[in-house]
Amino acid sequence: MSFPCLTVTAALPAAGAIATAAVPAARRTAAKWTALLFSVATLVLAALVVVRFDPGGPGPFQLTESHTWIKDFGVGYDLGVDGIGVALLALTALLIPFVILAGWHDADPLEAAEPNRRWRPTQGFFALILAVEAMVILSFEATDVFLFYLLFEAMLIPMYFLIGGFGDRAHAGGDEAAATQRSYAAVKFLLYNLVGGLIMLAAVIGVYVVAGTFSLTDIAHLRATGDLSMATSTERWLFLGFFFAFAVKAPLWPVHTWLPNAMGEATAPVAVLITAVVDKVGTFAMLRFCLQLFPEASKWATPVILVLALISIVYGALLAVGQRDIKRLIAYASISHFGFIIMGIFAMTSQGQSGATLYMVNHGISTAALMLVAGFLISRRGSRLIADYGGVQKVAPVLAGTFLIGGLATLSLPGLSPFVSEFLVLVGTFSRYPVIGIIATVGIVLAALYVLVLYQRTMTGPVKATVQGMQDLKVRELVVVAPLIALLIFLGVYPKPLTDIVDPAVHQTMSQVDRTDPHPQLEASR
């Protein structure tokens, strides 16, 4: 039996969560190092998965594992990855060590001199992060619909405690109003996603009733042989059940409102975990489950979904322009970016879907870089309000420089990796839906506006008294930011390693949906 690298890659952070939680309460530093070592080991195994994966290999999934789990209900422990799953698995494993390093002191006990402040269990904070990592990685590997659903729902629990139990210290402490806001954000996150998950559960049961199996591979075989009989109305209802849950997770307008609250009230590393890791499960699932299980319904719903994605792009960018809170600005910018991702998926072109997958990866890296540097900035000043900053580049030039690069990546500056993704999405959309593609470019203009205005107001101008003496980035913080900046530049100049992995999986998805790229309409010249 070959080495079960997919299972081990997901099991390692799960074991790390248990080991971290088991560290004695007084040994906080040991708990941090335990979590970091397990996350680095997971990254090494993820690299092994990438090396063993053959983009041109046979079959839709590779490195497969299949075991009977709940025989009476037809549930299997079925794992496998395609190029899209491998790319997102690698992104998750890459980001978690930086999330842990960035949050090194976020869960330390607060000063005993302030009696109203709660003690923050360090072990629990890092154990919850590793638990989320394990479930997200396994969700990218699951090829059994029911197994995926369980992971999709289970990851909400540790995220709920990370948002509600470990709030942003910029306004934490004995402030009861701040504690109420954290609780509200956590409950809103949980309720929105639980409602989506419950609707999806009904659709999951419907898939089993129609197909007699939860296995993606078996369902694809039944469809190919003509043995899967699914009425058009049934397929559309099941599609809507899945898509609604994924749209909430993504998030897509109008079910997006939980994200600004969650990212605003969470610590910066947890905010990265939300938008750069967990939310990618929603867009990934649109590619793997919506399109592959319900190809006809996906084409039927495409016009409406493209309009919703377009609204997300423009609406999210407009609200980002008007924000006074740094973290909420980044949250609304992410809503706009997820609109681009979903638009690329449902443009039903190879360029659009390749761009959407690259966008998931590049958005994860760029948002992590920007949000983590913003977190370092906020921790120094103790405020999330843009108006409380000014002239930071004169007292902390390295911090300001890395903030600028993260912001330029967010607005998709050519030469940085998000540009390639956004360009492919727009080209792929324009080739089939030119009006949608043209209107979507408004998001690019607005992105330049909110990023440059944010930088101008916080980093340039006279040095405000409140930032006098602000420290520049420390060694630990540079270790967090520098690799992310290097990746943004490398993948911006040379995206081929990613496209080589992703493109075959995209073409496989296009064939299952029975779509081909539109031919350019060239007018003959005389």
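What you see below is based on every heavy atom in this structure, not just the backbone, and it leaves out hydrogens, waters and symmetry mates.
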[Y] and [X], any side-chain heavy atoms less than 4.5 Å apart:
X: Thr92; Y: Phe140; answer: yes
X: Leu216; Y: Leu293; answer: yes
X: Leu287; Y: Phe284; answer: no
X: Leu259; Y: Asp279; answer: yes
X: Pro295; Y: Arg223; answer: yes
X: Leu130; Y: Ser39; answer: yes
X: Val207; Y: Phe294; answer: yes
X: Leu484; Y: Leu372; answer: yes

Ignoring hydrogens and angles, tell me if any N or O in the side chain of [X] forms a donor-acceptor pair with the backbone of [Y] under 3.5 Å.
X: Glu65; Y: Gly80; answer: no
X: Ser366; Y: His363; answer: yes
X: Lys327; Y: Ala374; answer: no
X: Thr9; Y: Ala46; answer: no
X: Thr429; Y: Leu426; answer: no
X: Thr283; Y: Lys280; answer: yes
X: Ser511; Y: Gln508; answer: yes
X: Ser312; Y: Gly339; answer: no
X: Thr410; Y: Gly406; answer: yes
X: Trp258; Y: Val248; answer: yes

Checklist entry - Is there a donor-acceptor contact under 3.5 Å linking the side chains of Tyr77 and Thr68? => result no
Checklist entry - Are a donor atom and an acceptor atom from the side chains of Thr143 and Asp78 found within less than 3.5 Å of each other? => result no
Once the angle between the rings of [X] and [Y] is folded into 0 to 90°, is it parallel (under 30°), tilted (30 to 60°) or perpendicular (over 60°)?
X: Phe214; Y: Phe146; value: tilted
X: Tyr359; Y: His337; value: tilted
X: Phe246; Y: Phe289; value: tilted

Pairwise distance [atom1]([X]) to [atom2]([Y]) - rounded to 0.5 angstrom:
X: Ile330; Y: Arg384; atom1: CD1; atom2: CZ; answer: 11.0 Å
X: Leu252; Y: Ile313; atom1: CG; atom2: CD1; answer: 10.0 Å
X: Phe161; Y: Leu128; atom1: CZ; atom2: CG; answer: 8.0 Å
X: Leu198; Y: Asn193; atom1: CG; atom2: CG; answer: 11.0 Å
X: Ser139; Y: Leu88; atom1: OG; atom2: CG; answer: 9.0 Å
X: Leu329; Y: Leu370; atom1: CG; atom2: CG; answer: 8.5 Å

Taking all non-hydrogen atoms of both residues into account, name the closest pair between [X] and [Y] and its distance.
X: Pro24; Y: Gln123; result: O-NE2, 2.7 Å
X: Val420; Y: Gly492; result: CG2-O, 4.0 Å
X: Glu153; Y: Gly197; result: OE1-CA, 3.4 Å
X: Arg288; Y: Gln292; result: O-CB, 3.1 Å
X: Ser298; Y: Cys290; result: OG-O, 3.0 Å
X: Phe148; Y: Ala285; result: CZ-CB, 3.6 Å

Item to check | CZ/Arg27: more than 12 non-hydrogen atoms of other groups inside 6.0 Å | outcome: no
Checklist entry - Would one find more than 12 heavy atoms of other residues, nucleotides or ligands at under 6.0 Å from atom CH2 of Trp33? => result no
Item to check | Ion pair check, Arg380 and Glu477, cut-off under 4.0 Å | outcome: yes
Next on the checklist: Before you tell me yes or no, could you show the steps for Asp144 and Ser215 under side chain to side chain donor-acceptor pair (under 3.5 Å), namely the whole-Å CA-CA distance, both residues' side-chain angles and the distance that decides it to 0.1 Å?
Outcome noted: CA-CA 5 Å; Asp144 182 277; Ser215 170; 5.9 Å; no
Next on the checklist: Please evaluate residues Val81 and Phe53 with respect to the criterion side chain to side chain contact (heavy atoms under 4.5 Å, CB included), reporting the C-alpha separation (whole Å), side-chain torsions for both, the decisive distance (0.1 Å), and the verdict.
Outcome noted: CA-CA 8 Å; Val81 286; Phe53 180 79; 4.2 Å; yes
Item to check | Verdict with reasoning, Phe242 to Val145, per side chain to side chain contact (heavy atoms under 4.5 Å, CB included) | outcome: CA-CA 11 Å; Phe242 277 80; Val145 177; 3.8 Å; yes
Next on the checklist: Working note: Leu491 + Leu358, criterion side chain to side chain contact (heavy atoms under 4.5 Å, CB included); need CA distance, chi angles, decisive distance, verdict.
Outcome noted: CA-CA 10 Å; Leu491 292 176; Leu358 294 181; over 6 Å; no
Checklist entry - What about Phe338 and His256, are their ring centers closer than 6.0 Å? => result no
Checklist entry - With a cut-off of under 6.0 Å to the ring centre and 45° to the axis, is Lys249 in cation-pi contact with Phe152? => result yes
Checklist entry - Under the side chain to side chain contact (heavy atoms under 4.5 Å, CB included) criterion, do Phe98 and Val272 qualify, and how do the steps go? => result CA-CA 10 Å; Phe98 298 125; Val272 169; over 6 Å; no
